[in-house]
Protein chains: 2
Amino acid sequence: MVTIHDVAARAGVSPATVSRFLRGQRVRSYEAIQAAIDELGYWPSAAAQSLKSGRTNTIGVVVPDITNPYFAAVVKGMESVTRTEPYRILLANSDESSEQEDDVLADLVRRVDGIILAPATEQDETPLHVRDADVPLVFVDRDLAGGERFDAVLVDNDGGGRQAAEHLLSLGHTRVAAISGTLDTTPGRLRREGFVGTLAKAGVEVPPEYDLVGDFKEHSGYQLTLSLLSLPEPPTAIFAANNLMTLGALKALHDMRIDIPGQISLIGFDDLDTGPLLRPPLTVVDRPMFEQGVLAMRLLLRRLDPGDGGGLASRVVLDTKLIERASTAPPGGHPSPARTRKTRSR
Amino acid sequence: MVTIHDVAARAGVSPATVSRFLRGQRVRSYEAIQAAIDELGYWPSAAAQSLKSGRTNTIGVVVPDITNPYFAAVVKGMESVTRTEPYRILLANSDESSEQEDDVLADLVRRVDGIILAPATEQDETPLHVRDADVPLVFVDRDLAGGERFDAVLVDNDGGGRQAAEHLLSLGHTRVAAISGTLDTTPGRLRREGFVGTLAKAGVEVPPEYDLVGDFKEHSGYQLTLSLLSLPEPPTAIFAANNLMTLGALKALHDMRIDIPGQISLIGFDDLDTGPLLRPPLTVVDRPMFEQGVLAMRLLLRRLDPGDGGGLASRVVLDTKLIERASTAPPGGHPSPARTRKTRSR
DNA sequence: CTGAAAGCGCTTACAG
DNA sequence: CTGAAAGCGCTTACAG
């Protein structure tokens with residue numbers, strides 16, 4: 001390994017001078033130093049630099065599942081910010097498991113300057129350890145019970161659930177089922193509350209056999225939809241609380257040869273790149289993805305700035321938006337004459 | 001920051017003893033040490049450990065685009081391997097750009113023990129620098145011109161192109177277009193060669209106006225399909241050389257109200273989670289994704305094993321598989337009576 | 001089993 | 001502008 005001493009010796013200066021040159025300071029013999037660096041193929045040791053400076057120039061990012069297109073887009077948004085900075089991203093999946101999240105965070109706090117986390121559950125205790133380690137932490141997509149003291153980039157999940165409910169109500173549905181995500185996550189709990197609550201206010205109760213809880217993974221959307229179809233009286237509309245469960249629901253409906261929206265309307269949460277191309281094109285509650293990653297990374301880098309005063313936590317809450325496509329219609333599938341239908345395609 | 005000296009002082013031993021305890025060696029006063037660690041909340045400094053040991057326990061992974069479901073699955077496969085190891089993954093996108101890849105690799109070699117790369121082009125020079133830095137390198141998905149000396153996990157792209165061609169030939173197509181990926185990448189070049197070459201052998205020429213080259217991104221699939229549709233005599237079948245360009249092609253065909261496969265058949269490369277749910281369900285050449293990530297990471301960890309003899313490069317080439325769905329049919333859309341159609345759904 | 005000491009490769013006040 | 005020196009937090013031969 002070529003060290004700064006080797007460069008110094010070859011250039012006829014001291015290691016300190018080489019170090020100054022590397023940091024961009026004005027140095028007399030910069031030509032000789034540059035030549036020595038080139039000839040020797042010298043690169044400074046990141047470990048040694050970290051040890052001295054106390055900074056790793058690394059950001060830890062922990063998401064439940066990188067193959068979920070939502071999280072892939074969020075991570076890409078984060079990276080678009082770090083591209084112009086000296087920071088790199090250390091990525092890990094928690095697989096929706098608090099234990100796995102714990103393990104990975106315990107390791108990460110030793111290696112990174114800051115962490116962006118989409119916690120596996122709201123009850124998670126771990127992030128407090130993160131704070132003990134004095135590593136800045138930003139939440140994205142999901143919050144923590146009592147997490148108000150941390151920076152966060154979230155969306156209005158309650159409002160999104162409401163939008164889904166209002167849409168189905170406006171179509172005239174009264175037998176409405178919800179496939180929620182894990183209820184001890186922010187999005188799982190709030191999307192359900194917004195959805196069920198809005199229906200209740202309109203006098204539409206969601207009975208227990210329609211009020212189902214999955215785990216944000218495709219398989220649970222599939223299984224729970226099958227269980228809905230096996231009821232003596234299946235619902236006329238289903239709300240699936242994330243993209244993967246919506247896909248599972250769609251597969252189940254296809255497999256059981258259910259006409260959508262003729263027999264059952266389906267509305268999802270989170271749009272998909274293929275959303276407009278599906279059979280039928282999906283009606284969804286959409287929200288910013290890439291942008292959430294950008295915002296979260298910016299919040300974190302601000303905390304890492306030595307000039308940051310350690311002020312109050314920034315809590316960003318973005319709006320959701322209904323995208324009406326062809327997977328929802330009035331019960332029975334016939335358009336309600338009383339209503340002008342705004343359809344959007346992409 | 002709590003250091004090993006603080007722990008040592010509190011436990012009444014020397015730092016060396018604490019260090020030995022941390023490495024799992026037998027130590028007399030392990031109870032006092034463990035207590036001191038717990039009370040002080042001590043975590044060893046990763047930077048200091050790296051500096052001493054020369055190992056970072058970090059793997060660099062560089063892919064063109066993490067939002068491409070193929071690469072997301074590959075990365076997840078890699079992580080499934082590192083989960084039981086002390087290694088973490090440093091992830092970066094190259095955005096299909098050699099320059100960006102260069103920048104990121106120059107930084108990565110200082111921070112990681114090894115690198116897995118899907119190079120932006122076959123002509124890339126950078127990986128040789130990586131080798132200069134003495135950092136083991138494994139290719140995944142894409143190879144390098146003269147990359148035979150590196151470990152690699154690839155698929156039979158040429159064979160995949162052939163499968164696509166044979167499928168369209170068996171349906172009776174003679175006006176066949178190809179939307180290839182960048183031709184200075186392994187998959188871009190070989191998929192096209194396999195496809196066009198197989199057609200040529202069967203006496204079907206692909207004229208220049210049908211022989212188009214995109215960049216693996218959705219937009220190019222969209223644009224190139226529009227250009228095909230604007231021809232005086234459009235093709236009756238299109239082969240799109242990756243998942244994103246296939247989606248672009250599908251969107252263009254929808255927007256132009258083309259009946260698939262009635263007017264034009266579409267076959268893609270790489271299956272999508274939504275493949276069976278699309279309008280129409282997509283016929284594709286499929287290949288392992290998660291598994292490629294697993295294999296690539298295993299090859300790399302083997303190189304990192306001190307016991308590795310530095311033997312010959314391992315070159316793994318996996319097979320592709322045709323999945324027939326509803327987006328392909330004989331020209332005119334009527335099933336060929338001479339042929340038994342094997343359909344597969346998922 | 002344990003401790004004192006050297007050293008991993010850098011950076012940075014401190015003198016000059 | 002430059003160099004000698006100390007030190008970041010560990011690990012590991014070397015004695016004992």
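Chain letters run A, B, ... following the sequence lines, proteins first, then strands; residues in each count from 1. Below, all heavy atoms of this structure are taken into account, side chains as well, without hydrogens, waters or symmetry copies.
Taking a cutoff of 4.0 Å between a charged side-chain nitrogen and a carboxylate oxygen, B/Glu39 and B/Arg10 qualify as a salt bridge. Under 4.0 Å is where a charged nitrogen must lie from a carboxylate oxygen, and between A/Arg303 and A/Asp151 at least one such pair does.
In this structure, B/Arg298 has no salt bridge (charged side-chain N to carboxylate O under 4.0 Å, His left out) partners at least two apart in sequence or on a different chain. Contacts of A/Asp107 classified as salt bridge (charged side-chain N to carboxylate O under 4.0 Å, His left out), with partners at least two apart in sequence or in another chain: A/Arg110, A/Arg111, B/Arg88. B/Ser80 is linked by a side-chain hydrogen bond (donor to acceptor under 3.5 Å, both in side chains) to nothing, counting only residues two or more places apart in sequence or in another chain.
For DNA chain C, if you chain together Watson-Crick or G-U pairs that step i with j, i+1 with j-1 and so on, the runs of at least three with distances under 3.5 Å are C:1-3 with D:14-16, C:5-12 with D:5-12, C:14-16 with D:1-3.
C/dC14 and C/dC10: their P atoms are spaced 24 Å apart (whole Å). Spacing of P atoms, C/dC1 relative to C/dA5, comes out at 23 Å, to the nearest Å.
Under a 3.5 Å cut-off, the side chain of A/Glu101 and the backbone N or O of A/Ala120 do form a donor-acceptor pair.
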message: Go through it in stages, so that I can follow the logic: the residues are A/Arg55 and A/Tyr87, the test is side chain to side chain donor-acceptor pair (under 3.5 Å), and I'd like the CA-CA distance, side-chain angles, deciding distance and then a yes or no.
response: CA-CA 10 Å; A/Arg55 306 197 67 165; A/Tyr87 292 99; 2.7 Å; yes
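Within the structure, the side-chain hydrogen bond (donor to acceptor under 3.5 Å, both in side chains) test picks out the following pairs touching residues 15-33 of chain B (sequence neighbours left out): B/Ser14-B/Thr17.
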- prompt: What one-letter contact string describes nucleotides 8-16 of chain D from 5' to 3', where B marks a base within less than 4.0 Å of any protein heavy atom, S marks contact via sugar-phosphate atoms alone, and - marks no contact?
  reply: BBBBBB---
